[in-house]
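As the structure is a prediction and not an experimental result, all values here were calculated from the model.
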Amino acid sequence: MRNKLFVIGSPIEQSKSPEVMTDFIKANGLDLSYEKREVNKDGLESFVNEAKQGEVLGFNITTPLKEEILKYADEMSEAVKVLDAANTASLASDKLSLHNTDYIGFMKDITSLIPKYERYSYAVLGTGGAARSIIYALTKLDIFQITVYTRDEVEAHYKLKNFEDDIEIYPYGYGMDQDVIINATGLGMAGRLDESPLSKEDFEMSRAGFAYDLTYNPEETKFLTLAKEAGLITMNGWGMFMGQAEEAFKIWTGADRNEL
């Protein structure tokens, strides 16, 4: 019987997924367990083989494995194909199916946090799997201007090729005139707590009124601290995290996320 759930990545100690998912499990009276497992790129193949052959029902995928996991997929959702990144895996009949619920979590969160969100322009910092999820969400919300800032334009054009008709790409240092700035770089997470992709002066020189960081632990990253000092309204990624977790739980169990 497949009744084990995990979150995998490295580092993993900061993850709140076990607390949240255990609450979901208890609320639905299900015979499931959820644990975090430290897995790096070198150990991913071994974990996938273990999961396929054992009692694993599914697992969440975090940094740095959201792209690496694709090579082990038997099936993948349309979102994963577009994003080249997955954050959720489900197993049935020894087949590994990959999904991406990050973009859904972000859509739910940003539309609830920013009134008339559709009237604003957005800047996305980063080009990794998390950043692509944000871009995908913004395109689905029909945002009229999406600009991506990066330190490597050549790499950015390659990684974001599926969005080239919907976005503009500029290097850091180029005038930032968007209304909402989103940090999807990972700077400010565990191991890089004192780092931010932007300085206080960058925020002050921008025209932004909102700053959003995908990181939720710590609650206020260096990026958000600097943004707040510059007078911006700040938001962390807790709401996005909860939204993606609800969607992942629904994939595994069929439980209606609106009833959680």
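Residues passing the side chain to side chain contact (heavy atoms under 4.5 Å, CB included) test with Ala89, sequence neighbours excluded: Phe59, Ile61, Leu96, Leu98. In this view, Gln14 satisfies the side chain to side chain donor-acceptor pair (under 3.5 Å) rule with no residue, not counting sequence neighbours. With sequence neighbours excluded, no residue forms a side chain to side chain donor-acceptor pair (under 3.5 Å) with Thr139. Residues passing the side chain to side chain contact (heavy atoms under 4.5 Å, CB included) test with Lys200 are Glu204, Leu226, Glu229, Ala230, sequence neighbours excluded.
In terms of modelled atom types and a separation under 3.5 Å, the side chain of Gln53 and the main chain of Glu50 share no donor-acceptor contact. Of the possible donor and acceptor atoms, none in the side chain of Arg37 sits under 3.5 Å from a partner among the backbone N and O of Ile8. Not one N or O on the side chain of Asp194 forms a donor-acceptor pair closer than 3.5 Å with the backbone of Lys222. Of the possible polar contacts, none joining the Thr221 side chain to the Gly188 backbone as a donor-acceptor pair under 3.5 Å is found. In this structure, Arg2 contributes its side chain and Glu55 its backbone to no donor-acceptor pair below 3.5 Å. In terms of modelled atom types and a separation under 3.5 Å, the side chain of Ser93 and the main chain of Lys95 share no donor-acceptor contact. Listed for the Ser196 side chain is no donor-acceptor partner under 3.5 Å among the backbone atoms of Ser199. Listed for the Asp109 side chain is no donor-acceptor partner under 3.5 Å among the backbone atoms of Phe106. Of the possible donor and acceptor atoms, none in the side chain of Thr150 sits under 3.5 Å from a partner among the backbone N and O of Glu153. Distance alone, capped at 3.5 Å, is enough to place a donor-acceptor pair between the Asn236 side chain and the Trp238 backbone.
Among all heavy-atom pairs drawn from Ile251 and Thr101, the shortest one is CD1-CG2, 3.8 Å. Residues Pro197 and Arg151 share a closest heavy-atom pair of O-NH2, 3.7 Å.
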For residues 115-130, run the donor-acceptor check on the side chains, cut-off 3.5 Å, and write out each pair with its distance to 0.1 Å, sequence neighbours left out.
| residue | atom | partner | partner atom | Å |
| --- | --- | --- | --- | --- |
| Ser121 | OG | Asp179 | N | 3.1 |
| Ser121 | OG | Asp179 | OD2 | 3.0 |
| Tyr122 | OH | Tyr117 | O | 2.9 |

Please output the side-chain donor-acceptor pairs of residues 17-25 that fall under 3.5 Å, not counting sequence neighbours, one pair per line with the distance.
| residue | atom | partner | partner atom | Å |
| --- | --- | --- | --- | --- |
| Ser17 | OG | Ser15 | OG | 3.3 |
| Thr22 | OG1 | Pro18 | O | 2.6 |

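Using cut-offs of 30° and 60° for the angle between ring planes, the Phe47 and Phe6 rings count as perpendicular. Aromatic ring orientation, Tyr136 versus Tyr103: perpendicular (interplanar angle above 60°, classes split at 30° and 60°).
Of the candidates Asn87, Asn100, Asp102, Asp102 is the only one forming a side chain to side chain donor-acceptor pair (under 3.5 Å) with Lys66.
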Next on the checklist: Before you tell me yes or no, could you show the steps for Met240 and Leu214 under side-chain contact (heavy atoms from CB on, under 4.5 Å), namely the whole-Å CA-CA distance, both residues' side-chain angles and the distance that decides it to 0.1 Å?
Outcome noted: CA-CA 7 Å; Met240 174 182 169; Leu214 271 61; 3.8 Å; yes

Item to check | Verdict with reasoning, Thr147 to Asp177, per side-chain contact (heavy atoms from CB on, under 4.5 Å) | outcome: CA-CA 10 Å; Thr147 307; Asp177 61 358; 5.8 Å; no

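Side-chain atoms of Tyr34 and Asn60, non-hydrogen and from C-beta on, do get closer than 4.5 Å to each other. With contacts defined as side-chain heavy-atom distances shorter than 4.5 Å, the pair Met107/Lys140 qualifies. Taking the side chain as every heavy atom from C-beta outward, Met176 and Ile181 approach each other to under 4.5 Å. Side-chain contact between Phe203 and Met205: absent, with no pair of heavy atoms (C-beta onward) separated by less than 4.5 Å.
Annotation: Lys4, atom NZ; neighbour count of heavy atoms from other residues, nucleotides and ligands within 6.0 Å does not exceed 12.
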